[in-house]
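Order of appearance sets the numbers: ligands from 1, and atoms from 1 within every ligand. Below, each value reflects all heavy atoms present in this structure, side chains not excepted, and no hydrogens, waters or symmetry copies.
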Amino acid sequence: MKSFDILPLGRSMIENLGTMGYDQMTPVQAASLPHVLKGEDLLAQAKTGSGKTAAFGIGLLHNLDVKRFRVQVLVMCPTRELAEQVAHELRRIARFKHNIKIVTICGGVPFLPQKISLEHQAHIVVGTPGRIEQHLSRGSMNLAHVTTLVLDEADRMLDIGFSDSIEAIMRHVPENRQTLFFSATFPAPILELSTRFQKNAHRVAVDVAHEENVIGQYFYECEWEAKADGTAQILSAHQPASALIFCNTKRQCVLLAAFLETKGFSCLAIHGDLEQKDRTEVLVRFSNGSTPILVATDVAARGLDISGLSAVINFDLPFESEVYVHRIGRTGRAGKEGMAFSLITPKERFRLDEINLMMGTCFKVSDIGSFSSLGAPDILPSMVTLSINGGRKAKLRPGDILGALTKEGKIPGSCVGKINCFEFYSYVAVESGVADSAQETLSTKKIKGRNFIVHRHE
Ligand code: ADP
Ligand code: MG
């Protein structure tokens, strides 16, 4: 591990990183930042959760000319959630200096407020290609002063089919610019994109494989009809604090989540068909611990920074071994031990053979019937999520919500969990025992001079 001190960064940058708890660079940061700082083009590959955002964020914020109030940096992300996460991380890093303005420009929200906020100028735009392209074609965004362009999760961006939008957007940014691509994988189309849009790009690939010893991997064989029961058995036998379950189809996600609910588990499903607002809500409820189990497709789950997962369960094994590696990489992060369980039918055994071949392992299958004592499910969440019909547009910040709960509501701060403020909504996790009084406080007392409607989700 290398310290950030060895980079040519200012004192205030290093100090702010320190307050974020960033003392050592992650491997992808150590490999990328020297190039990013020098203004060079870069193609970087590292697994999810390896700190890619700061690997470009620190460099581009250091290089930003704050006095020049024009869009100097454009960061493109595949989904709105990812764009929000990246903007959030950039805003935290940007605290080293005053007055850096970062705006998010994504689809699924009204156009006009974005147009107005772009008219007021910004240094950095983070957004999704579709909406950015719309603003460009309507003349409400000017990228003529861009010095650095970032494609985050570039592989995923192409999967979604954003290549035409990216192409169109590239025509609006100056030729003479720095272009950074970050990706968890490097499939051929990314390399093509790189040759077309980058100049002498440096390539770094770090932290690509997962260490076997950090993730315990278990394979169970059962007939297809027994998989749902098998999933419930795994959950009750191991009682993971949080679990992400992968199915190969949207329909299976919905069915499995409904089945687990009937078995007494608190769980949600996320898949591509959900409305943007519902997706955000599901992710908030999972990441703040108020719903411990999430059932997802690869497309819906990929790239999300849900850290510290106790377990990943493959209800279905993916069609490609790389995807398996990617999925299980969400558990056992940052030195924490994780568990990965996979259910396979006799017909699917060849997929395990392929995984063993690729990873050089020799995992065996056990019989799902080998679980003996199955107590009743005990993973009832201790937290409840409350949603508030106001967010950053209503000038609500996490501190305002925390303040209302602790001062007005006399709720101990230790009973309040994660608070997320989005543009039009906010969410707060509170311990179940204080949920009633928290809801009462937030819906009856004025916050920032306004009354809000508060819903409870469980
Ligand atoms: P990726 O984009 O590679 O999936 P992220 O940028 O989302 O990863 O970072 C994953 C997590 O690691 C985040 O919670 C982030 O705050 C944390 N992180 C990033 N860099 C560091 C660092 N140098 N030290 C400690 N934590 C870090
Ligand atoms: Mg990322």
- request: Using a strict cut-off of 4.0 Å, indicate which atoms of ligand 1 neighbour a heavy atom of K47.
  value: 3 (O)
query: ligand 1 and T48, any nitrogen or oxygen pair closer than 3.5 angstrom?
result: no
- prompt: Is the Y22 ring parallel, tilted or perpendicular to the F4 ring (thresholds 30°, 60°)?
  reply: parallel
field: Those atoms of ligand 1 less than 4.0 Å from some heavy atom in R92
entry: 16 (O)
- prompt: Are any of the side-chain nitrogens in R196 or E167 under 4.0 Å away from the carboxylate oxygens of its partner?
  reply: yes
- prompt: If you measure every N/O of G51 against every N/O of ligand 1, is any gap under 3.5 Å?
  reply: yes
Axial cation check for F422 ring with R80, 6.0 Å and 45° limits: no
task: For H135 and S140, test the side chains for any donor-to-acceptor distance below 3.5 angstrom and give the result as yes or no.
output: yes
Over 12 foreign heavy atoms within 6.0 Å of NZ, K115: no
task: Give the single entry among D152, L82, T53 that approaches atom 6 (O) of ligand 1 most closely by any heavy atom.
output: T53
- request: Would you kindly say whether N288 and T385 are connected by a side-chain donor-acceptor distance under 3.5 Å?
  value: yes
statement: Restricting to heavy atoms, the pick from Y22, F182, F56 nearest atom 25 (C) of ligand 1 would be Y22
Under 4.0 Å to a heavy atom of S50 - the qualifying atoms of ligand 1, by number: 1 (P), 3 (O), 8 (O)
query: Do any nitrogen or oxygen atoms of G49 come within less than 3.5 Å of a nitrogen or oxygen of ligand 1?
result: yes
message: Other residues, nucleotides and ligands only: do more than 12 of their heavy atoms fall within 6.0 Å of CZ on R456?
response: yes
query: Just heavy atoms, cut-off under 4.0 Å: does Q85 contact ligand 1 by side chain, backbone, both, or neither?
result: neither
task: With heavy atoms of F4 as the reference, note each atom of ligand 1 found under 4.0 Å away.
output: 23 (N)
Which pairs would a plain distance check flag for residues 7-18, meaning a side-chain donor or acceptor within less than 3.5 Å of a matching protein atom at least two apart in sequence or in another chain?
from, atom 1, to, atom 2, distance (Å)
N16, OD1, T19, OG1, 3.4
N16, ND2, R92, O, 3.0
N16, ND2, I93, O, 3.0

query: Are any of the N or O atoms of K52 closer than 3.5 Å to those of ligand 1?
result: yes
